[in-house]
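Everything on this sheet refers to the single structure shown next.
Just so it is clear, the structure is predicted and the values come from calculations on it, not from any experiment. A note on names: the letters A, B, ... follow the listed sequences, proteins ahead of strands, and every chain is numbered from 1.
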Amino acid sequence: MGLEQFKNRNVGTQNYKMLDLGETPTSGMDKFKQVVQRTFKVELFIGLWVTLREMINALLRGQMHTVKYPFEKLPISPRYRAIHDMLRLLESGHYRCIGCGLCEKICISNCITMNTRYDENQRKEVSEYTINFGRCIFCGYCAEVCPELAIVHGPRYETASEQRASFSLFEDMLTPIDQLNLQKEYDGFGAVTPNADDNIKQTPLAY
Amino acid sequence: MEIVTYTTVETFVNHLPEVTWVGSLIKAVLILAVISAIAGFGTFIERKVLAFMQRRLGPMHVGPYGLLQLAADGIKLFTKEDIVPQNANKLIFMIAPAITAATAFIALSAVPVFPDFTIPKFIPVLGGTFVPSIASDLNIGILFVLGMMAAGLYGPLLAGMSQANKWGIIGAARTAIQFLSYEVVTGLSILAPIMLVGSLSFVDFNNAQAGGIGSWLIWQQPVAFVLFLIAGFAETNRTPFDLLEHEAEVVSGYATEYSGMRWGMFFIGEYANMITISVIAAIVFLGGYSEGGLGWLTIILKVGFFFFLMLWVRAAWPHVRPDQLMWLCWKVLMPIAVINVVITGIVMMV
Ligand code: SF4
Ligand code: SF4
(Lines give C-alpha, C1' and ligand atoms only; values in the text may rest on other atoms or scores of the structure.)
(Ligands and ions follow the chains in the order given, each with its own letter.)
Protein backbone atom coordinates (compact mmCIF):
# COMPACT_ATOMS: atom_id res chain seq x y z
CA MET A 1 0.00 0.00 0.00
CA GLY A 2 1.25 3.43 -0.88
CA LEU A 3 1.27 6.43 1.34
CA GLU A 4 -1.22 8.41 -0.75
CA GLN A 5 -4.10 7.59 1.55
CA PHE A 6 -2.31 8.88 4.58
CA LYS A 7 -1.10 12.03 2.92
CA ASN A 8 -4.55 12.97 1.72
CA ARG A 9 -5.94 15.16 4.46
CA ASN A 10 -9.28 15.92 2.82
CA VAL A 11 -11.74 14.14 5.06
CA GLY A 12 -14.37 12.28 3.08
CA THR A 13 -12.31 11.55 -0.02
CA GLN A 14 -10.43 8.66 1.54
CA ASN A 15 -11.59 5.10 1.76
CA TYR A 16 -13.41 5.61 5.03
CA LYS A 17 -16.43 3.50 5.83
CA MET A 18 -19.28 5.62 7.09
CA LEU A 19 -21.50 4.01 9.71
CA ASP A 20 -25.13 3.73 8.75
CA LEU A 21 -26.77 5.05 11.87
CA GLY A 22 -30.22 5.44 10.38
CA GLU A 23 -32.64 8.18 11.18
CA THR A 24 -33.16 9.50 14.67
CA PRO A 25 -36.86 9.09 15.43
CA THR A 26 -38.74 12.31 16.14
CA SER A 27 -42.40 11.45 16.52
CA GLY A 28 -43.69 9.42 19.42
CA MET A 29 -44.81 6.53 17.24
CA ASP A 30 -41.37 6.24 15.62
CA LYS A 31 -39.71 6.22 19.01
CA PHE A 32 -42.05 3.49 20.15
CA LYS A 33 -41.28 1.47 17.05
CA GLN A 34 -37.57 1.84 17.70
CA VAL A 35 -37.97 0.58 21.24
CA VAL A 36 -39.96 -2.42 20.10
CA GLN A 37 -37.44 -3.15 17.38
CA ARG A 38 -34.52 -2.94 19.73
CA THR A 39 -36.27 -5.09 22.29
CA PHE A 40 -37.07 -7.93 19.98
CA LYS A 41 -34.06 -7.79 17.67
CA VAL A 42 -32.03 -9.37 20.51
CA GLU A 43 -29.21 -6.92 19.87
CA LEU A 44 -28.43 -7.01 23.58
CA PHE A 45 -27.82 -10.72 23.50
CA ILE A 46 -25.34 -10.33 20.68
CA GLY A 47 -23.34 -8.13 23.04
CA LEU A 48 -23.57 -10.80 25.72
CA TRP A 49 -22.44 -13.45 23.26
CA VAL A 50 -19.42 -11.39 22.20
CA THR A 51 -18.11 -11.08 25.74
CA LEU A 52 -18.75 -14.75 26.43
CA ARG A 53 -16.98 -15.69 23.21
CA GLU A 54 -13.96 -13.65 24.21
CA MET A 55 -13.94 -15.34 27.59
CA ILE A 56 -13.97 -18.75 25.91
CA ASN A 57 -11.24 -17.62 23.53
CA ALA A 58 -9.13 -16.40 26.39
CA LEU A 59 -9.57 -19.37 28.67
CA LEU A 60 -9.76 -22.30 26.28
CA ARG A 61 -8.13 -21.19 23.07
CA GLY A 62 -5.09 -19.52 24.55
CA GLN A 63 -5.88 -16.04 23.34
CA MET A 64 -5.17 -14.33 26.64
CA HIS A 65 -3.57 -10.98 26.02
CA THR A 66 -1.93 -10.32 29.35
CA VAL A 67 1.84 -10.07 29.39
CA LYS A 68 3.09 -10.41 32.93
CA TYR A 69 5.49 -7.60 32.34
CA PRO A 70 8.45 -7.86 34.65
CA PHE A 71 8.51 -11.61 34.07
CA GLU A 72 7.60 -11.62 30.41
CA LYS A 73 8.57 -9.02 27.87
CA LEU A 74 7.32 -8.29 24.43
CA PRO A 75 9.91 -8.12 21.66
CA ILE A 76 10.63 -4.57 20.61
CA SER A 77 11.40 -3.28 17.18
CA PRO A 78 15.05 -3.13 16.19
CA ARG A 79 14.41 0.50 15.35
CA TYR A 80 13.48 1.28 18.93
CA ARG A 81 15.59 4.09 20.33
CA ALA A 82 16.58 3.34 23.90
CA ILE A 83 19.84 3.73 25.81
CA HIS A 84 22.80 3.85 23.47
CA ASP A 85 25.24 1.04 22.88
CA MET A 86 28.82 1.42 21.76
CA LEU A 87 29.76 -1.39 19.42
CA ARG A 88 33.08 -3.10 18.85
CA LEU A 89 34.79 -4.35 15.74
CA LEU A 90 34.06 -8.02 15.44
CA GLU A 91 37.51 -8.97 14.21
CA SER A 92 39.81 -7.17 16.64
CA GLY A 93 37.47 -6.44 19.48
CA HIS A 94 38.60 -2.82 19.44
CA TYR A 95 35.85 -0.25 19.85
CA ARG A 96 34.57 1.09 16.58
CA CYS A 97 34.53 4.75 17.51
CA ILE A 98 37.19 6.68 15.67
CA GLY A 99 36.71 9.82 17.69
CA CYS A 100 35.52 11.87 14.75
CA GLY A 101 33.26 13.93 16.98
CA LEU A 102 30.32 14.00 14.59
CA CYS A 103 27.89 12.71 17.17
CA GLU A 104 28.96 15.33 19.66
CA LYS A 105 28.47 17.96 17.02
CA ILE A 106 25.06 16.87 15.81
CA CYS A 107 23.52 16.16 19.17
CA ILE A 108 20.70 18.65 19.43
CA SER A 109 20.49 18.59 23.16
CA ASN A 110 24.23 18.90 23.60
CA CYS A 111 24.44 15.92 25.82
CA ILE A 112 27.42 14.08 24.35
CA THR A 113 30.75 15.14 25.76
CA MET A 114 33.94 13.62 24.41
CA ASN A 115 37.68 14.03 24.45
CA THR A 116 40.24 12.43 22.20
CA ARG A 117 43.95 12.18 22.00
CA TYR A 118 46.61 10.42 19.95
CA ASP A 119 47.80 7.15 21.34
CA GLU A 120 51.31 5.79 20.96
CA ASN A 121 50.53 4.60 17.41
CA GLN A 122 49.37 8.06 16.42
CA ARG A 123 45.88 6.64 16.27
CA LYS A 124 43.04 8.67 17.62
CA GLU A 125 41.78 7.29 20.88
CA VAL A 126 38.69 8.23 22.84
CA SER A 127 39.85 9.30 26.26
CA GLU A 128 36.50 10.38 27.55
CA TYR A 129 32.98 9.86 26.28
CA THR A 130 29.81 10.47 28.23
CA ILE A 131 26.18 10.95 27.37
CA ASN A 132 24.06 12.89 29.81
CA PHE A 133 20.85 10.91 29.76
CA GLY A 134 19.15 13.54 31.80
CA ARG A 135 19.20 15.62 28.64
CA CYS A 136 19.17 13.10 25.83
CA ILE A 137 15.89 13.10 23.92
CA PHE A 138 16.63 9.83 22.13
CA CYS A 139 16.30 11.47 18.74
CA GLY A 140 18.70 9.06 17.11
CA TYR A 141 20.75 11.67 15.27
CA CYS A 142 24.00 10.45 16.82
CA ALA A 143 23.38 6.92 15.60
CA GLU A 144 22.41 8.19 12.19
CA VAL A 145 25.44 10.38 11.72
CA CYS A 146 28.08 7.98 13.02
CA PRO A 147 30.21 6.89 10.05
CA GLU A 148 31.44 3.76 11.78
CA LEU A 149 28.12 2.42 13.11
CA ALA A 150 29.83 2.76 16.45
CA ILE A 151 27.14 4.49 18.46
CA VAL A 152 23.71 2.88 18.10
CA HIS A 153 20.54 2.69 20.11
CA GLY A 154 20.18 -0.44 22.17
CA PRO A 155 17.06 -2.24 23.35
CA ARG A 156 17.47 -1.22 26.99
CA TYR A 157 14.23 0.63 27.68
CA GLU A 158 13.98 0.14 31.42
CA THR A 159 15.90 3.27 32.20
CA ALA A 160 14.92 3.80 35.78
CA SER A 161 18.03 4.00 37.91
CA GLU A 162 19.26 5.58 41.08
CA GLN A 163 21.74 7.78 39.28
CA ARG A 164 21.71 9.12 35.77
CA ALA A 165 25.43 8.60 35.58
CA SER A 166 25.13 4.88 35.94
CA PHE A 167 24.82 4.22 32.25
CA SER A 168 26.30 7.24 30.69
CA LEU A 169 29.99 6.34 30.55
CA PHE A 170 31.72 4.98 27.50
CA GLU A 171 32.65 1.77 29.29
CA ASP A 172 29.06 1.19 30.37
CA MET A 173 27.75 1.47 26.85
CA LEU A 174 30.54 -0.47 25.25
CA THR A 175 29.85 -4.12 24.44
CA PRO A 176 31.66 -6.15 27.10
CA ILE A 177 34.59 -7.87 25.45
CA ASP A 178 33.52 -11.31 26.61
CA GLN A 179 30.11 -10.84 25.05
CA LEU A 180 31.42 -9.79 21.70
CA ASN A 181 29.91 -12.83 20.04
CA LEU A 182 26.48 -11.69 21.24
CA GLN A 183 26.80 -8.22 19.75
CA LYS A 184 23.96 -7.48 17.36
CA GLU A 185 24.04 -5.12 14.45
CA TYR A 186 21.60 -2.30 14.76
CA ASP A 187 18.76 -2.04 12.23
CA GLY A 188 17.59 1.42 13.05
CA PHE A 189 18.68 4.86 11.96
CA GLY A 190 21.97 5.00 10.12
CA ALA A 191 22.23 1.25 9.77
CA VAL A 192 23.20 -0.37 6.51
CA THR A 193 20.10 -0.99 4.46
CA PRO A 194 19.31 -4.59 3.51
CA ASN A 195 19.98 -3.82 -0.14
CA ALA A 196 23.20 -1.90 0.55
CA ASP A 197 25.23 -4.11 -1.78
CA ASP A 198 23.06 -3.18 -4.75
CA ASN A 199 23.50 0.49 -4.07
CA ILE A 200 27.30 0.42 -4.22
CA LYS A 201 28.54 2.35 -7.24
CA GLN A 202 31.94 3.03 -8.54
CA THR A 203 33.28 6.34 -7.35
CA PRO A 204 33.15 8.66 -10.35
CA LEU A 205 36.75 9.63 -10.83
CA ALA A 206 36.61 11.01 -14.29
CA TYR A 207 36.43 14.76 -13.88
CA MET B 1 -55.42 -23.06 36.57
CA GLU B 2 -55.14 -24.64 39.95
CA ILE B 3 -53.89 -22.55 42.80
CA VAL B 4 -51.38 -24.51 44.79
CA THR B 5 -53.36 -25.84 47.63
CA TYR B 6 -52.36 -24.63 50.99
CA THR B 7 -53.24 -27.88 52.65
CA THR B 8 -50.58 -29.91 50.85
CA VAL B 9 -48.00 -27.37 51.80
CA GLU B 10 -49.12 -27.38 55.37
CA THR B 11 -48.94 -31.12 55.71
CA PHE B 12 -45.51 -30.98 54.14
CA VAL B 13 -44.40 -28.47 56.72
CA ASN B 14 -46.00 -30.40 59.55
CA HIS B 15 -43.96 -33.48 58.76
CA LEU B 16 -40.74 -31.58 59.36
CA PRO B 17 -39.04 -31.69 62.75
CA GLU B 18 -39.58 -28.82 65.10
CA VAL B 19 -37.59 -25.66 64.55
CA THR B 20 -35.71 -24.89 67.73
CA TRP B 21 -33.98 -21.65 68.56
CA VAL B 22 -30.66 -23.48 68.41
CA GLY B 23 -31.43 -24.44 64.83
CA SER B 24 -32.29 -20.88 63.92
CA LEU B 25 -29.15 -19.64 65.60
CA ILE B 26 -26.99 -22.12 63.73
CA LYS B 27 -28.63 -21.09 60.51
CA ALA B 28 -28.09 -17.41 61.25
CA VAL B 29 -24.42 -17.96 62.00
CA LEU B 30 -24.15 -20.11 58.90
CA ILE B 31 -25.68 -17.41 56.73
CA LEU B 32 -23.55 -14.68 58.22
CA ALA B 33 -20.35 -16.66 57.80
CA VAL B 34 -21.07 -18.09 54.39
CA ILE B 35 -22.48 -14.93 52.88
CA SER B 36 -19.72 -12.65 54.19
CA ALA B 37 -17.21 -15.07 52.79
CA ILE B 38 -19.03 -15.31 49.49
CA ALA B 39 -19.47 -11.55 49.34
CA GLY B 40 -15.74 -11.16 49.72
CA PHE B 41 -15.08 -13.96 47.32
CA GLY B 42 -17.56 -12.39 44.92
CA THR B 43 -15.31 -9.38 44.47
CA PHE B 44 -12.56 -11.77 43.44
CA ILE B 45 -14.84 -13.65 41.06
CA GLU B 46 -16.05 -10.38 39.60
CA ARG B 47 -12.54 -9.17 38.89
CA LYS B 48 -11.60 -12.49 37.39
CA VAL B 49 -14.67 -12.81 35.21
CA LEU B 50 -14.47 -9.23 33.96
CA ALA B 51 -10.79 -9.79 33.23
CA PHE B 52 -11.42 -12.99 31.31
CA MET B 53 -14.11 -11.33 29.26
CA GLN B 54 -11.60 -8.68 28.27
CA ARG B 55 -8.98 -11.39 27.73
CA ARG B 56 -6.94 -10.32 30.71
CA LEU B 57 -5.75 -12.46 33.58
CA GLY B 58 -7.04 -10.41 36.48
CA PRO B 59 -5.38 -10.60 39.89
CA MET B 60 -2.57 -13.12 39.61
CA HIS B 61 0.28 -12.41 41.95
CA VAL B 62 -1.01 -12.69 45.52
CA GLY B 63 -1.35 -16.38 46.20
CA PRO B 64 -2.19 -19.04 43.63
CA TYR B 65 -4.11 -17.41 40.78
CA GLY B 66 -4.44 -14.31 42.91
CA LEU B 67 -6.71 -16.03 45.42
CA LEU B 68 -5.11 -14.30 48.38
CA GLN B 69 -5.79 -10.91 46.83
CA LEU B 70 -8.88 -10.99 49.03
CA ALA B 71 -6.78 -11.14 52.16
CA ALA B 72 -4.58 -8.36 50.88
CA ASP B 73 -7.61 -6.19 50.16
CA GLY B 74 -9.10 -7.02 53.53
CA ILE B 75 -5.94 -6.01 55.35
CA LYS B 76 -5.79 -2.82 53.35
CA LEU B 77 -9.41 -1.94 54.08
CA PHE B 78 -9.08 -2.66 57.78
CA THR B 79 -5.89 -0.73 58.30
CA LYS B 80 -6.76 2.34 56.28
CA GLU B 81 -7.32 5.58 58.11
CA ASP B 82 -10.96 6.26 58.82
CA ILE B 83 -11.46 9.77 57.52
CA VAL B 84 -14.55 11.85 58.20
CA PRO B 85 -14.64 14.99 56.03
CA GLN B 86 -14.61 18.33 57.79
CA ASN B 87 -18.08 19.62 56.96
CA ALA B 88 -19.80 16.27 56.95
CA ASN B 89 -22.58 15.39 59.31
CA LYS B 90 -20.39 13.09 61.35
CA LEU B 91 -23.01 10.86 62.94
CA ILE B 92 -24.93 10.15 59.77
CA PHE B 93 -21.75 9.82 57.78
CA MET B 94 -20.57 7.12 60.11
CA ILE B 95 -23.88 5.29 60.40
CA ALA B 96 -24.74 5.18 56.68
CA PRO B 97 -22.46 2.29 55.65
CA ALA B 98 -23.73 0.22 58.54
CA ILE B 99 -27.28 0.67 57.24
CA THR B 100 -26.34 -0.79 53.88
CA ALA B 101 -24.46 -3.76 55.33
CA ALA B 102 -26.95 -4.45 58.13
CA THR B 103 -30.07 -4.32 55.96
CA ALA B 104 -28.44 -6.58 53.41
CA PHE B 105 -27.84 -9.23 56.07
CA ILE B 106 -31.20 -8.71 57.76
CA ALA B 107 -32.83 -9.33 54.41
CA LEU B 108 -30.93 -12.58 54.14
CA SER B 109 -32.38 -13.78 57.43
CA ALA B 110 -35.69 -14.43 55.67
CA VAL B 111 -34.20 -15.99 52.56
CA PRO B 112 -33.68 -19.74 52.33
CA VAL B 113 -30.05 -19.98 51.34
CA PHE B 114 -29.69 -23.73 51.67
CA PRO B 115 -32.19 -26.53 52.18
CA ASP B 116 -32.96 -27.59 55.74
CA PHE B 117 -30.95 -30.41 57.26
CA THR B 118 -30.51 -32.19 60.56
CA ILE B 119 -27.13 -32.24 62.19
CA PRO B 120 -26.06 -35.89 62.42
CA LYS B 121 -26.42 -37.55 65.80
CA PHE B 122 -22.74 -38.41 66.24
CA ILE B 123 -21.71 -34.77 66.53
CA PRO B 124 -21.58 -33.85 70.23
CA VAL B 125 -23.80 -31.17 71.80
CA LEU B 126 -25.54 -30.09 68.60
CA GLY B 127 -26.26 -33.56 67.23
CA GLY B 128 -29.84 -34.06 66.17
CA THR B 129 -30.63 -30.37 65.92
CA PHE B 130 -32.83 -29.53 62.96
CA VAL B 131 -31.45 -26.56 61.01
CA PRO B 132 -34.23 -24.88 59.03
CA SER B 133 -33.74 -23.57 55.53
CA ILE B 134 -34.55 -20.05 56.67
CA ALA B 135 -33.31 -18.46 59.84
CA SER B 136 -36.80 -17.11 60.41
CA ASP B 137 -39.54 -18.41 58.14
CA LEU B 138 -41.80 -15.39 58.11
CA ASN B 139 -45.15 -15.84 56.47
CA ILE B 140 -44.50 -12.57 54.64
CA GLY B 141 -40.98 -13.53 53.61
CA ILE B 142 -40.86 -11.90 50.19
CA LEU B 143 -42.39 -8.68 51.42
CA PHE B 144 -39.92 -8.52 54.27
CA VAL B 145 -36.91 -9.15 52.04
CA LEU B 146 -37.92 -6.61 49.43
CA GLY B 147 -38.72 -4.09 52.14
CA MET B 148 -35.36 -4.62 53.79
CA MET B 149 -33.50 -4.26 50.53
CA ALA B 150 -35.41 -1.09 49.81
CA ALA B 151 -34.52 0.21 53.26
CA GLY B 152 -30.93 -0.54 52.39
CA LEU B 153 -30.98 2.31 49.92
CA TYR B 154 -31.05 4.68 52.88
CA GLY B 155 -27.37 3.86 53.14
CA PRO B 156 -26.30 5.49 49.86
CA LEU B 157 -28.92 8.21 50.26
CA LEU B 158 -27.78 9.34 53.71
CA ALA B 159 -24.13 8.80 52.86
CA GLY B 160 -24.38 11.02 49.82
CA MET B 161 -26.23 13.77 51.63
CA SER B 162 -24.10 13.80 54.76
CA GLN B 163 -20.66 14.03 53.22
CA ALA B 164 -20.67 17.67 52.05
CA ASN B 165 -19.43 16.75 48.62
CA LYS B 166 -21.17 17.63 45.40
CA TRP B 167 -20.51 14.24 43.85
CA GLY B 168 -22.01 12.69 46.95
CA ILE B 169 -25.10 14.85 46.58
CA ILE B 170 -25.49 13.84 42.96
CA GLY B 171 -25.05 10.23 43.98
CA ALA B 172 -27.72 10.63 46.64
CA ALA B 173 -30.08 12.26 44.13
CA ARG B 174 -29.52 9.39 41.78
CA THR B 175 -30.23 6.96 44.59
CA ALA B 176 -33.60 8.61 45.05
CA ILE B 177 -34.28 8.42 41.32
CA GLN B 178 -33.35 4.77 41.20
CA PHE B 179 -35.39 3.99 44.27
CA LEU B 180 -38.45 5.70 42.79
CA SER B 181 -38.02 3.83 39.54
CA TYR B 182 -37.44 0.18 40.21
CA GLU B 183 -39.37 -0.35 43.42
CA VAL B 184 -42.75 -0.35 41.68
CA VAL B 185 -41.56 -2.80 39.08
CA THR B 186 -40.07 -5.20 41.63
CA GLY B 187 -43.29 -5.33 43.59
CA LEU B 188 -45.60 -5.64 40.61
CA SER B 189 -43.49 -8.17 38.76
CA ILE B 190 -43.30 -10.51 41.71
CA LEU B 191 -47.00 -10.06 42.42
CA ALA B 192 -48.02 -12.43 39.63
CA PRO B 193 -46.02 -15.42 40.96
CA ILE B 194 -47.31 -14.59 44.43
CA MET B 195 -50.86 -14.80 43.11
CA LEU B 196 -50.13 -18.16 41.54
CA VAL B 197 -48.57 -19.67 44.65
CA GLY B 198 -50.92 -17.92 47.03
CA SER B 199 -48.31 -17.30 49.66
CA LEU B 200 -45.54 -14.87 50.53
CA SER B 201 -43.34 -17.47 52.15
CA PHE B 202 -40.26 -18.66 50.30
CA VAL B 203 -40.73 -22.17 51.58
CA ASP B 204 -44.15 -22.29 49.97
CA PHE B 205 -42.66 -21.04 46.72
CA ASN B 206 -40.04 -23.72 46.87
CA ASN B 207 -42.51 -26.48 47.63
CA ALA B 208 -44.92 -25.29 44.97
CA GLN B 209 -42.28 -25.96 42.31
CA ALA B 210 -41.20 -29.33 43.65
CA GLY B 211 -42.40 -31.16 40.54
CA GLY B 212 -39.21 -30.83 38.51
CA ILE B 213 -38.19 -28.40 35.83
CA GLY B 214 -41.65 -28.44 34.24
CA SER B 215 -43.24 -26.90 37.30
CA TRP B 216 -40.84 -23.98 37.57
CA LEU B 217 -42.68 -20.71 37.66
CA ILE B 218 -40.50 -19.23 34.92
CA TRP B 219 -42.54 -21.17 32.33
CA GLN B 220 -45.79 -19.71 33.61
CA GLN B 221 -44.40 -16.25 34.27
CA PRO B 222 -41.63 -15.50 31.77
CA VAL B 223 -42.56 -11.82 31.60
CA ALA B 224 -42.52 -11.46 35.38
CA PHE B 225 -39.14 -13.20 35.43
CA VAL B 226 -37.59 -10.74 32.97
CA LEU B 227 -39.13 -7.77 34.75
CA PHE B 228 -37.94 -8.99 38.11
CA LEU B 229 -34.45 -9.51 36.76
CA ILE B 230 -34.31 -5.99 35.35
CA ALA B 231 -35.62 -4.52 38.58
CA GLY B 232 -33.22 -6.69 40.52
CA PHE B 233 -30.30 -5.27 38.59
CA ALA B 234 -31.53 -1.80 39.47
CA GLU B 235 -32.02 -2.79 43.08
CA THR B 236 -28.44 -3.99 43.45
CA ASN B 237 -26.96 -1.04 41.51
CA ARG B 238 -25.46 -3.27 38.90
CA THR B 239 -24.60 -2.20 35.38
CA PRO B 240 -26.66 -1.20 33.29
CA PHE B 241 -28.21 0.69 36.23
CA ASP B 242 -25.11 1.55 38.25
CA LEU B 243 -25.97 5.23 38.35
CA LEU B 244 -25.14 5.70 41.99
CA GLU B 245 -21.40 5.53 41.72
CA HIS B 246 -20.56 5.62 38.08
CA GLU B 247 -16.92 6.70 38.10
CA ALA B 248 -16.94 8.22 34.67
CA GLU B 249 -19.72 10.62 35.61
CA VAL B 250 -19.84 11.29 39.33
CA VAL B 251 -16.38 10.18 40.54
CA SER B 252 -17.72 7.63 42.96
CA GLY B 253 -21.15 9.04 43.72
CA TYR B 254 -22.26 8.48 47.29
CA ALA B 255 -19.01 6.70 48.14
CA THR B 256 -16.70 9.53 47.10
CA GLU B 257 -15.61 10.53 50.57
CA TYR B 258 -15.54 7.05 52.05
CA SER B 259 -12.42 5.05 52.63
CA GLY B 260 -11.29 2.03 54.54
CA MET B 261 -13.77 -0.22 56.26
CA ARG B 262 -16.72 2.14 55.91
CA TRP B 263 -16.36 1.93 52.18
CA GLY B 264 -15.87 -1.82 52.54
CA MET B 265 -19.24 -2.07 54.28
CA PHE B 266 -20.96 -0.55 51.27
CA PHE B 267 -19.16 -3.07 49.17
CA ILE B 268 -20.13 -6.06 51.28
CA GLY B 269 -23.71 -4.79 51.38
CA GLU B 270 -23.81 -4.56 47.61
CA TYR B 271 -22.52 -8.08 47.17
CA ALA B 272 -24.83 -9.48 49.83
CA ASN B 273 -27.69 -7.81 47.96
CA MET B 274 -26.56 -9.41 44.73
CA ILE B 275 -26.68 -12.78 46.43
CA THR B 276 -30.11 -12.04 47.89
CA ILE B 277 -31.52 -11.09 44.51
CA SER B 278 -29.96 -14.17 42.96
CA VAL B 279 -31.47 -16.39 45.64
CA ILE B 280 -34.90 -14.79 45.29
CA ALA B 281 -34.83 -15.21 41.51
CA ALA B 282 -33.71 -18.80 41.88
CA ILE B 283 -36.39 -19.66 44.41
CA VAL B 284 -39.31 -17.75 42.99
CA PHE B 285 -38.77 -18.58 39.33
CA LEU B 286 -36.32 -21.45 39.00
CA GLY B 287 -37.61 -23.94 41.52
CA GLY B 288 -35.26 -23.12 44.37
CA TYR B 289 -33.79 -26.05 46.24
CA SER B 290 -36.77 -28.27 45.63
CA GLU B 291 -34.85 -31.11 43.95
CA GLY B 292 -34.86 -33.75 46.66
CA GLY B 293 -31.43 -34.61 48.00
CA LEU B 294 -29.54 -32.50 45.50
CA GLY B 295 -31.25 -29.27 46.53
CA TRP B 296 -28.15 -27.76 48.06
CA LEU B 297 -26.25 -28.27 44.82
CA THR B 298 -28.91 -27.04 42.42
CA ILE B 299 -29.55 -23.90 44.44
CA ILE B 300 -25.83 -23.14 44.40
CA LEU B 301 -25.78 -23.63 40.64
CA LYS B 302 -28.82 -21.44 40.14
CA VAL B 303 -27.56 -18.68 42.40
CA GLY B 304 -24.16 -18.98 40.77
CA PHE B 305 -25.75 -18.55 37.37
CA PHE B 306 -27.52 -15.35 38.39
CA PHE B 307 -24.37 -14.04 40.01
CA PHE B 308 -22.43 -14.78 36.86
CA LEU B 309 -25.14 -13.13 34.80
CA MET B 310 -24.68 -9.91 36.74
CA LEU B 311 -20.95 -9.91 36.05
CA TRP B 312 -21.52 -10.93 32.46
CA VAL B 313 -23.92 -8.08 31.85
CA ARG B 314 -21.48 -5.69 33.44
CA ALA B 315 -18.81 -6.75 30.98
CA ALA B 316 -21.12 -6.48 27.98
CA TRP B 317 -23.52 -3.61 28.32
CA PRO B 318 -23.16 0.14 28.70
CA HIS B 319 -25.16 1.79 31.43
CA VAL B 320 -28.22 3.97 31.04
CA ARG B 321 -28.80 7.56 32.04
CA PRO B 322 -30.89 8.32 35.12
CA ASP B 323 -33.71 9.73 32.99
CA GLN B 324 -33.63 6.65 30.81
CA LEU B 325 -33.95 4.48 33.88
CA MET B 326 -37.02 6.40 35.00
CA TRP B 327 -38.44 6.27 31.50
CA LEU B 328 -37.80 2.56 31.30
CA CYS B 329 -39.31 1.74 34.67
CA TRP B 330 -42.36 3.97 34.62
CA LYS B 331 -43.31 4.00 30.97
CA VAL B 332 -42.33 0.53 29.86
CA LEU B 333 -41.82 -1.94 32.66
CA MET B 334 -44.58 -0.80 34.97
CA PRO B 335 -47.36 -1.04 32.33
CA ILE B 336 -46.09 -4.45 31.27
CA ALA B 337 -46.02 -5.58 34.89
CA VAL B 338 -49.58 -4.36 35.47
CA ILE B 339 -50.81 -6.06 32.31
CA ASN B 340 -49.04 -9.22 33.40
CA VAL B 341 -50.73 -9.14 36.77
CA VAL B 342 -54.14 -8.54 35.21
CA ILE B 343 -53.72 -11.37 32.70
CA THR B 344 -52.53 -13.71 35.42
CA GLY B 345 -55.56 -12.80 37.46
CA ILE B 346 -57.93 -13.41 34.53
CA VAL B 347 -56.34 -16.77 33.75
CA MET B 348 -56.61 -17.81 37.38
CA MET B 349 -60.26 -16.84 37.58
CA VAL B 350 -61.25 -18.61 34.38
S1 SF4 C 1 19.88 10.51 20.74
FE2 SF4 C 1 19.84 12.65 20.11
S3 SF4 C 1 19.87 13.77 22.02
FE4 SF4 C 1 20.51 11.68 22.52
S5 SF4 C 1 22.72 11.71 22.41
FE6 SF4 C 1 21.99 11.09 20.39
S7 SF4 C 1 21.87 13.03 19.22
FE8 SF4 C 1 22.00 13.56 21.38
S1 SF4 D 1 30.11 9.77 15.37
FE2 SF4 D 1 30.62 7.62 15.82
S3 SF4 D 1 32.79 7.46 15.33
FE4 SF4 D 1 32.37 9.64 15.47
S5 SF4 D 1 32.82 10.16 17.59
FE6 SF4 D 1 30.64 9.68 17.52
S7 SF4 D 1 30.59 7.53 18.02
FE8 SF4 D 1 32.69 7.93 17.50
Crowding at CD, A:Glu128 (>12 non-hydrogen neighbours, <6.0 Å): no
Minimum-distance pair of heavy atoms, taken over all atoms of A:Thr51 and B:Trp312: OG1-NE1, 3.2 Å
A:Lys68 side chain near B:His61 side chain, heavy-atom distance below 4.5 Å: yes
Nearest-0.5 Å distance, CG of residue A:Asn57 to CE of residue B:Met53: 12.0 Å
Parallel, tilted or perpendicular, as decided by the 30° and 60° cut-offs, for the rings of A:Phe45 and B:Trp317: perpendicular
Heavy-atom closest contact (B:Ala316 atom, A:Gly47 atom, distance): CB-O, 3.8 Å
Greater than 12 external heavy atoms within 6.0 Å of B:Tyr65's OH: no
Approximate separation, where rounding is to 0.5 Å, of A:Leu59 CG and B:Arg55 CZ: 11.0 Å
Side-chain touch B:Arg56/A:His65, heavy atoms, less than 4.5 angstrom: no
Side-chain heavy atoms of B:Lys331 within contact of A:Phe32, under 4.5 Å: no
Side-chain heavy-atom pair A:Met64, B:Phe52 within 4.5 angstrom cut-off: yes
Segment of A:Leu44 engaging chain B (4.5 angstrom heavy-atom cut-off): both
Euclidean distance, A:Lys31 NZ relative to B:Trp327 CH2, rounded to 0.5 Å: 9.5 Å
Atom group of B:Val313 that falls short of 4.5 Å from chain A, counting heavy atoms: both
Other residues, nucleotides, ligands: >12 heavy atoms within 6.0 Å of A:Tyr141 OH: no
